[in-house]
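The analysis underlying the following values was restricted to heavy atoms, covering all of them including side chains, and did not include hydrogens, waters or symmetry mates. Labels below follow one simple rule: chain letters A, B, ... track the order of the sequence lines, proteins then strands, and each chain is numbered from 1. None of these values were measured; they are calculated from a predicted model.
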Amino acid sequence: MADATDNVAKDSSGPRKDTDSPRPLAKAAPNPAMLFFQGLASLRLTVVLLFLGSLLVFFGTLAQVDQGIWQIMSKYFRSFIVLIPLDIFTVFSSRHGIDEPIAGLFPFPGGWTIGFLLLANLLAAHALRFRLRVGILTLHAGLVILLLSEFITGVFAIEMRMDITEGSSSNYAYDIREAELIVVDTSGEEEDRVVAIPQSKLIEGQVIQHEALPFDIEVLSFFENSKLEKITPPKQSEATFGTGLFYEAVDQPVAAGTGTDQQVDSPAAYFTLRQKGTDSTIGTCMTSCAFNVPFRDDWETIPQRQIVDGKPYEVHLRYRRYYKPYSLYLQDFSFDKYPGTETARNFSSMVHLTDPARGVDREVLIWMNHPLRYQGETFFQSSFKPDETGTVLQVVRNPGWLMPYISCTMISLGLIIHFTQTLSKFLRRELAK
Amino acid sequence: MNSFSRYFPFAILALVLLYLVSVMGKVSRNADDFDLVAFGKLPVQANGRVKPIDTLARNSLYAINHKATFIEETTGPDGKFIEKKQPAVRWFADMLFNEELAAKHKIFRIVNDDVLSSMGLKARSGLRYAFEEMSRERLQKLFQWAGDAAQKEELLKQGTDVELTIADEQAIALANKVQTFIKIRSMNQLPNGLGELTEEKVRLWLQTIVNQSQTQGQAAPRLIPHNVDTEQHWSTIGQAAFESVAQQMKNNKGILEDLSSEKISGADFVSQTINNSADGGWLALYWQMRTDYRDNEPARFNETVEKFRANISEANASVGSRVSTESFVNRFEPFYQSTVLTVMAMFLLAGSWFGWNKPFVRAALAVAIVSVSIHTFGLFARMYLEGRPLVFVTNLYSSAVFIGWVVVLVGLFLEWIFRNSVGLTVACVVSFKSLLVAHFLDVAGSGTDNMSVMQAVLDTNFWLATHVTIVTVGYAATFIAGFLGIAYVALGIFTPVLDKDLARTLGRMTYGILCAATMLSFIGTVLGGIWADQSWGRFWGWDPKENGALNIVMWNALILHARWGGMVRQRGIAVLAILGNIVTTWSWFGTNMLGVGLHSYGKMDRAFFWMMIFMSSQLAIAAAGAFWPLKSWLSYEAMTQGPAKRKDGKRLNKLNKPAAS
Amino acid sequence: MSNHRRFLLLATCIVGTLLSGCAKEEITEYTVDKPKPPYRLLAAMVPQLEKTWFIRMQGPRTDIEQNKAAFDTFVASLQFDANADNPIQWKLPDGWVESDKKTVGGFRRYATLKVGPEAESTEVVVTSLEGAGGSILPNVNRYRRQLGRPPLKQHQLPYAVKKQMLGDIEITRVDIKGKRPAAPSALPSHGGGPMSQ
């Protein structure tokens, strides 16, 4: 085909630097490190990576039919390697989800691998090859920022929710994708003392010991998603006190589905409490995030109570909480529908923000596409309580949130500069004919 | 021959204009003594927005009859049986003013044998049945069946293995049709049989209205604008009548006794109440229309309709002109006319390959320009009607219409630059295809409003006008590049006209469009990210629709980098660009079919089949382009040797060189 | 080779950022205010010969906390005489006023008192029902349901109420904390705790 067509690079007004790469350089530098960098800088690698990237995105999209978006994100896009089940290709079949899934997995480079290689490729190309061209440079610099921002989001960003009932206030947000075990000392007059254990420490068979804890806790079992079933007489409960006497937690697959209507997983666990530093058992209990559900207030939770050394303690499993030094009071939540339909037209929350430490005391209206940004966190109107008496805000802390904005401006500018140059050159030549 | 070449394009243009004039004539002509066109321009609030009765009538009848018209069966003066095609608005007028007649129209399309037999009906030609042919008991059974079937459908969606038969699906469909019918009729009814209206009848009617308001009142079309300025205070005729009667009964406690002792007839009571009701006279006017319609007094009816329209315009001029415009657009069907003209342009272009290329191409160009003007009118009319300036795309249907438009504009631009009729051909083909897709999407919506209201999170003109528009232009550009690739492969393999010059020109066109496509799809995608960050704090959520857009950006970037790296040349770019059609189709439709994600603005089942057909065809063409040995391409010689004489500096129509010489 | 070095520098920066993301999560300890329900209901049930008297005060928790002492004095001041025209008599605490509201939503009240002169001041409602003290549980559960709390079983009742002597009558005191009662509606309330969801 080459003989039938003329030399494109010569003909085009596109970046011309590629004609002198990478072969001429390879001849000049026998140094193996240099060879490696030239390989890393090659356009061939760019094309291969873009191709693999496209495929990864495509597979990651197909897989979302069966798995939750957060799982997909961590398995496909925020990983170095992903094992993709062959079953994802059957999603279009009408028997999908009914027939047995097709067995078999194949490995594929994950998002981190492709992203970092693209980054390396880009940096190497600029270090070794490109002449300074404003358009391309701006564009690629923007691209670097974009890739980094996705990385920073992947590693550092936290998405939380905050529920507030009309006429009350909240000073914490919680993450529905992570649980925590808390032990509460309720002996105080005005305040409760809370010891919070992150989900990463709740490993089956492990014993949690900590100076702040009044007892040792052995994790008997932990389910990422569960449902509760009533225990019928012949069956014996594992628990020796609390709700677990009457209900048992049953393991469930993690929920699929994305976005605002996503199913929330309901983690549950069995714990045995032991006297500090000994093997003597205080009791075994079952606790579930279903006892501490979203849309309910703190005083409505179901604690597992136990008295140890004469002091009353409560044990809860709940969605991980992040307490804030400020609080939001919900004055009013409103939900409008289009007349004669069930289609939502607008949701809005009138909240009162109070931050005594900073002397902030103001009213804010949060509604669709109009979030509140405060102290590095952004509050979005997300959902509402089923009876419309309270709001659910999405709270996002993302240190890199501004980066896409910068990057987008740069890339768009770069693209516009570059292609306008190309186009004007091209048009000038065409019209001159 | 010379004068023929000169005048042929003008003759075609004249023909096109004549056609349009005839369409306009048909649009404004009224086949009936009753001015139903004017009646169709009255406003009604349904599905969250105020629209002309014409739109509601078409959509509703479409949902029931699968056509926006119906066949009326009457007996002529000589006792002969007459079948007459009638517009939807006629059916709607019967629904409001002549319920007995409306129940006789054969409009329910029932195709399934099981459903037919359960309704006690026999298959007949046309498979259309009247409301009165279905008994109350059988309808109740049908609703029972449909309810069970709907439950099965739900279970199936959750992955339980239950069998949903075709009869089940059809039962759901028929139940929905019946419900659409009932919603319009019973909620906008006035008490029947006025002559012998008794207290009991009034009570029964009131009870019916109350019951139905509770069950269906929310979704019923509302014709009475208590306050034209806001969208909130509209009610159905039944509700409005009920309110004024209830008010009257409250104010005048003795009225019930008067009614039962026949001191006052029920008819007088209701008509007095309605005529004196405090709703601004709307109800009284409908009451008047009803009387005129039933008494067969077209002149009086038309007067009443005119009065209603005048009152609306006086109360709120913008509502008045909006519904009139929409009614005109409904009848003129700009996108349909534009499709017809595009087909005509395609025929003219095809004609140009067999001789007289210049006059034919010119004629095609003229037709395409008229077509794109109508297309433009249609798009901007939509914006005006939806009250969303510069928002071209609000749903999948409008995205297809918009892509068709962008493609024609870009095609005409390419034609202006290159003058080789390739741009024009690609424009006509792609635009026709996408208008066809739009048509089928509209049909697949089976009578739903294609200007439906937007979900809260999507209801922002700024992002709709920027992100959605730019992303969709990106789709269009990628499609154009893909079809230019097809032109390259098809011309090369099947014709001898792809010489060096043309190949180079095509290559350049594709490259230029690809650059634009990359830029637009990137900027559009990123704007989407910013929107997402603004509305739920996630710049990038790996949602299927976002991923689809990212796929387009990556694919276009891949082609450009492959070209810059010298890995592909003209042929390779053509092949990759054709594969780009698959990527774009996936992003446009495929991701919606996954049934997950926040963006799924269109739900399709059967469309999947056609998507796969299109994708496979693209794969086949790409494979041909990549693997068909170059030596057996018909253009092989032309490509290797180049054009014979092209040193005179004159730009000729290369495509048609053999014919021109 | 300066190109070379430039690349290495950038790469180092990126790897550094990567590693800093892997901090380990630790067990933390902090104090929080005790969870407080927004709404509270105080009631006293006084069984008489043929009827039971109910004295009830409910409202936002803070309001009730402020007026609890006055309510207690009020209950202590009650005197009964079944044969008199006014079968029940009381001494109004300072600031309390008697309102003329006698029916609410179709239900008759014996009297409505307000803890202050404003229209939205917390109300104290006095009602009576025919029947004797056996009806304590359904009434407690009715109150609990209003405040979104699950109903009690008979054996749980002694823990949820307090018995108190008023002269020679044993009266029942109830103190329920919960959520703001939903506006009266046709929908049945669902107070089953998380299990019912």
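A distance of 9.5 Å separates CG in Leu520(B) from CG in Leu415(A), rounded to the nearest 0.5 Å. One distance of note links CG of Asp543(B) with CD1 of Ile72(A); it measures 12.5 Å at 0.5 Å rounding. Rounding to the nearest 0.5 Å gives a distance of 11.0 Å between CG of Asn369(A) and CG of Asp533(B). The structure places OG1 of Thr591(B) at 10.5 Å from CZ of Phe58(A), a figure rounded to the nearest 0.5 Å. Between the CH2 atom in Trp540(B) and the CE atom in Met73(A) there is a gap of 11.0 Å [rounded to 0.5 Å]. Atom CE of residue Met368(A) and atom CD of residue Gln534(B) lie 13.5 Å apart, to the nearest 0.5 angstrom.
When side chains are defined from C-beta on, Leu43(A) counts as touching Met567(B), because their heavy atoms get closer than 4.5 Å. A 4.5 Å side-chain heavy-atom check between Thr61(A) and Trp586(B) finds at least one atom pair inside the cut-off. Counting heavy atoms from C-beta on, the side chains of Phe539(B) and Ser407(A) never come closer than 4.5 Å.
Ranked by heavy-atom pairs under 4.5 Å with chain A, the list Leu527(B), Ile530(B), Val526(B) is led by Ile530(B). Contacts with chain A were tallied for Trp555(B), Trp633(B), Phe522(B); Phe522(B) has the most, counting heavy-atom pairs under 4.5 Å. Contacts with chain B were tallied for Ser412(A), Gly400(A), Ala157(A); Ser412(A) has the most, counting heavy-atom pairs under 4.5 Å. Among Trp367(A), Phe419(A), Phe380(A), Trp401(A), the residue with the largest count of heavy-atom pairs under 4.5 Å with chain B is Phe380(A).
For Leu550(B), the part lying near chain A is the side chain, with the backbone staying farther off; criterion is any non-hydrogen pair under 4.5 Å. Residue Ile559(B): no heavy atom, backbone or side chain, is found under 4.5 Å from chain A. With a threshold of 4.5 angstrom between heavy atoms, Asn398(A) does not approach chain B through any atom at all. Neither the backbone nor the side chain of Arg397(A) comes within contact range of chain B; no heavy atom of the residue lies under 4.5 Å from a heavy atom of that chain. Proximity to chain B (any heavy atom under 4.5 Å) is restricted, for Leu146(A), to the side chain, taken from C-beta onward. If you measure heavy-atom distances from Leu427(A) to chain B, the contacts under 4.5 Å come from the side chain alone.
In terms of heavy-atom proximity, Pro544(B) sits nearest to Gln64(A) at CD-OE1, 3.2 Å.
Considering only residues two or more places apart in sequence or on other chains, Tyr374(A) meets the ring pair (Phe, Tyr, Trp, His ring centres under 6.0 Å) condition with Tyr326(A). Residues meeting the ring pair (Phe, Tyr, Trp, His ring centres under 6.0 Å) test with Tyr76(A), sequence neighbours left out: none. For Phe335(A), the ring pair (Phe, Tyr, Trp, His ring centres under 6.0 Å) test picks out Phe347(A), Phe384(A), with sequence neighbours left out.
At a heavy-atom cut-off of under 4.5 Å, chain B is reached by Val47(A), Leu50(A), Phe51(A), Gly53(A), Ser54(A), Val57(A) from residues 47-57 of chain A, listed in order of number.
The aromatic rings of His561(B) and His140(A) lie parallel to each other, their planes meeting at an angle below 30°, with 60° marking the opposite boundary.
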